[in-house]
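Only one structure is covered here, and it is reproduced in the block below.
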Amino acid sequence: MKLHIFNPEHDIALARNDKYFTAPRAGRRLREDCGFLPALCADEGDFVLVGDVAKARQLLADAISTISSISSQPLATFSDNVNFVTLHDLHKLPNDIQVEPWGWDSALLFQLTRNGLESLSLPDSDQLSTIRALSNRIFSSSLLRELMDDRNLISAVGPMVGQSWYATTVDKVRDLLSRLHSIVVKEPWSSSGRGVRYITDSIDTATENWIRNTIAKQGGIMVEPRYKNIADLGMEFYSDGHHVVYRGLSLFSTCSGFYEGNIISSEEDKAKLISPLLPKKKLLILSHTLEKKLSSELAGKYTGPLGVDMLITDNHAVHPMVEINLRRTMGHVAIDMYKLMKSDAAMGFVFTNGAYHFKVNPVATLL
C-alpha cells in the first residue's frame, strides 16, 4: 500500500528549508482544492492524504464523470478503490506503507511525523539535505554544461542552446545583462514560473531589490539568456535509486513562465506532434543520453519521479535542460492519465470563483 500526497508548495518549502514553513495562500488553496489528484492514478487500496474527505470524494466523482465521458475505455469506481485520509488518521496507518508525495522537503516530513505517521519509507535528514541540494538550479546548470560540451550529442541532435551562471552579486547580474541584453533571472530553488524575472536592457529598482533579497536568502541567483521559444516540452523519468529510466514525453503550455496545461496522448502521438521541431530519432537520443547522465548523478542519492524541462527556440535549436524537477510533475500525471483513459485530451488547473479546479478537456489542445 502507498500513501499519496499532493503538496504543490514543495518547491517553495525547499527554498525556505524550515520544518515550520507555512505555504503561501495560493499554495495552500491548490493543495486543498486538488488534493484528490493522486487518486486518479493510485492503485486499489492506496491512501490519499487530503484536508477534507467529503470534499475530496465529491471532487474525485466530478473528475471521474468528466473523464468517463472522454475515455475510450471503462473506468474503475475510484471512490471504492482509494482511501482518503486526513492528518488525524495518519497514526492508524501501518509502518510498512510507502509514502509517495509530490516532493520531499523538511516541512512535509515534520507535518507527517508530528501527526503520528511512522512509515519505514520516510527519508532521514541526510536524504532530505541531498534532495534539497540536487533540487538547486546549480545542479541542472552543471549538467547543462556537460550536455553542451558533448560533441557527439550535438552532432546527433543538431543545434542546441543553453547557458547558465550563478551570480552572488547584483554587479555580476548587471555584467551579464550588458553582454546578453535580455536575460532570465531565477531563484536557485523555484519552479513553475515562480521566482523568475525577465530583464531587458536595464534593472529597475524593484527588480534589483528582489535580486538582492534572493541572494541574501538563497546565497545567489541564476542568470540565463532569454530565448524566443516556440515549444515547451519535458522528459519524465523515474529513479529506482540505482538507475534512471525514461517514462515519457511531456508536452505542456506556459504563459509568462507559469504552467497552463498538459496534453494527454500516447507516446507515439506526442512524438509525432513534436516531430516537425524535434524528430523522433533525436528525441530518443536525448532521452537515452539523459538516462545515462541522470543515472550516474543520482545513483544512491534519489529514488522517485523526476522531470527535465526543455524548450525549442524560434530557430529550432533545442535547449536540453532548462531545469530538473526532482519530484513528481504534471507530465507524470499526464502519462498516467493516458494509461487510464486511452484517449487524447488536455488537462490543467483553472482558477475560478476563488478556487482551483482540475480540468480535463476532450481535445488534444491545451486549456
Side-chain angles (χ1 to χ4, degrees), residues 139-164 224-225 227-240 242-254 259 261-299 305-326 328-339 341-347 363-366:
F139 174 57
S140 59
S141 176
S142 66
L143 286 188
L144 173 61
R145 285 193 296 273
E146 291 182 19
L147 293 173
M148 296 303 296
D149 289 338
D150 189 335
R151 294 183 180 276
N152 291 330
L153 179 64
I154 294 174
S155 175
V157 172
M160 287 172 45
V161 296
Q163 291 177 289
S164 181
E224 304 169 6
Y227 301 102
K228 293 181 180 179
N229 61 306
I230 57 174
D232 293 300
L233 66 152
M235 291 186 178
E236 308 303 338
F237 301 87
Y238 186 85
S239 170
D240 65 3
H242 304 283
H243 304 285
V244 172
V245 178
Y246 177 61
R247 286 202 66 210
L249 188 64
S250 172
L251 299 182
F252 59 94
S253 175
T254 62
Y259 173 79
N262 261 84
I263 285 176
I264 299 173
S265 192
S266 68
E267 291 307 311
E268 182 180 353
D269 286 345
K270 285 185 291 186
K272 286 180 181 178
L273 194 60
I274 200 68
S275 63
L277 302 176
L278 183 62
K280 185 175 181 179
K281 181 179 180 180
K282 295 181 179 181
L283 189 154
L284 291 174
I285 291 171
L286 263 177
S287 66
H288 291 157
T289 299
L290 288 172
E291 276 184 330
K292 293 177 181 178
K293 287 193 175 294
L294 290 169
S295 292
S296 175
E297 293 289 341
L298 299 180
L306 64 144
V308 175
D309 285 351
M310 306 174 177
L311 62 82
I312 299 176
T313 69
D314 57 350
N315 60 2
H316 292 199
V318 177
H319 190 316
M321 187 166 288
V322 176
E323 66 182 25
I324 298 175
N325 293 303
L326 216 64
R328 190 164 168 80
T329 70
M330 291 304 290
H332 282 276
V333 176
I335 291 170
D336 291 337
M337 288 288 287
Y338 183 76
K339 293 178 180 178
M341 298 170 59
K342 296 298 182 183
S343 299
D344 289 350
M347 67 173 202
V363 290
T365 56
L366 297 178

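Quick caveat: nothing in here was measured; it's all calculated off a predicted structure. When a residue number appears, it is its place in the shown sequence, counting from 1.
Formation of a donor-acceptor pair under 3.5 Å by the His332 side chain with backbone atoms of Leu306 is found in this model. Listed for the Ser296 side chain is no donor-acceptor partner under 3.5 Å among the backbone atoms of Lys292. A side-chain donor-acceptor contact under 3.5 Å links Glu291 to the backbone of Tyr246. Side chain of Ser295 to backbone of Val244: a donor-acceptor contact under 3.5 angstrom is found. With hydrogens and angles disregarded, a donor-acceptor distance shorter than 3.5 Å links the side chain of Lys270 to the backbone of Leu249.
The heavy-atom pair separating Tyr259 from Thr254 by the smallest distance is CA-CG2, 4.3 Å. Of all non-hydrogen atoms in Glu236 and Gly331, the two that sit nearest each other are OE2-CA, 3.5 Å. When every heavy atom of Leu290 is checked against every heavy atom of Pro320, the shortest pair comes out as CD1-O, 4.5 Å. Of all the heavy atoms in Met337 and Ile264, the pair that sits closest is CB-CD1, 3.9 Å.
With sequence neighbours excluded, no residue forms a salt bridge (Lys or Arg N to Asp or Glu O under 4.0 Å) with Glu297.
Ring pair His319/Tyr227 is perpendicular by interplanar angle, where above 60° counts as perpendicular and below 30° as parallel.
Met235 has its side chain out of reach of Asp309: every pair of non-hydrogen atoms, C-beta onward, lies at least 4.5 Å apart. Contact of the Asp150 side chain with the Ile154 side chain is not registered, since no non-hydrogen atoms from C-beta on lie closer than 4.5 Å. For the pair Lys293/Thr289, a side-chain contact is recorded, criterion being any heavy-atom separation below 4.5 Å from C-beta on.
For the pair Asp336 and Arg328, the salt-bridge criterion is met [side-chain N within less than 4.0 Å of a carboxylate O].
Each of Ile312, Ile263, Asp269 was checked for a side-chain contact (heavy atoms from CB on, under 4.5 Å) with Ile274, and the lone residue meeting it is Ile312.
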Checklist entry - Ser141 and Arg145: side chain to side chain donor-acceptor pair (under 3.5 Å), yes or no, with the steps? => result CA-CA 6 Å; Ser141 176; Arg145 285 193 296 273; 3.2 Å; yes
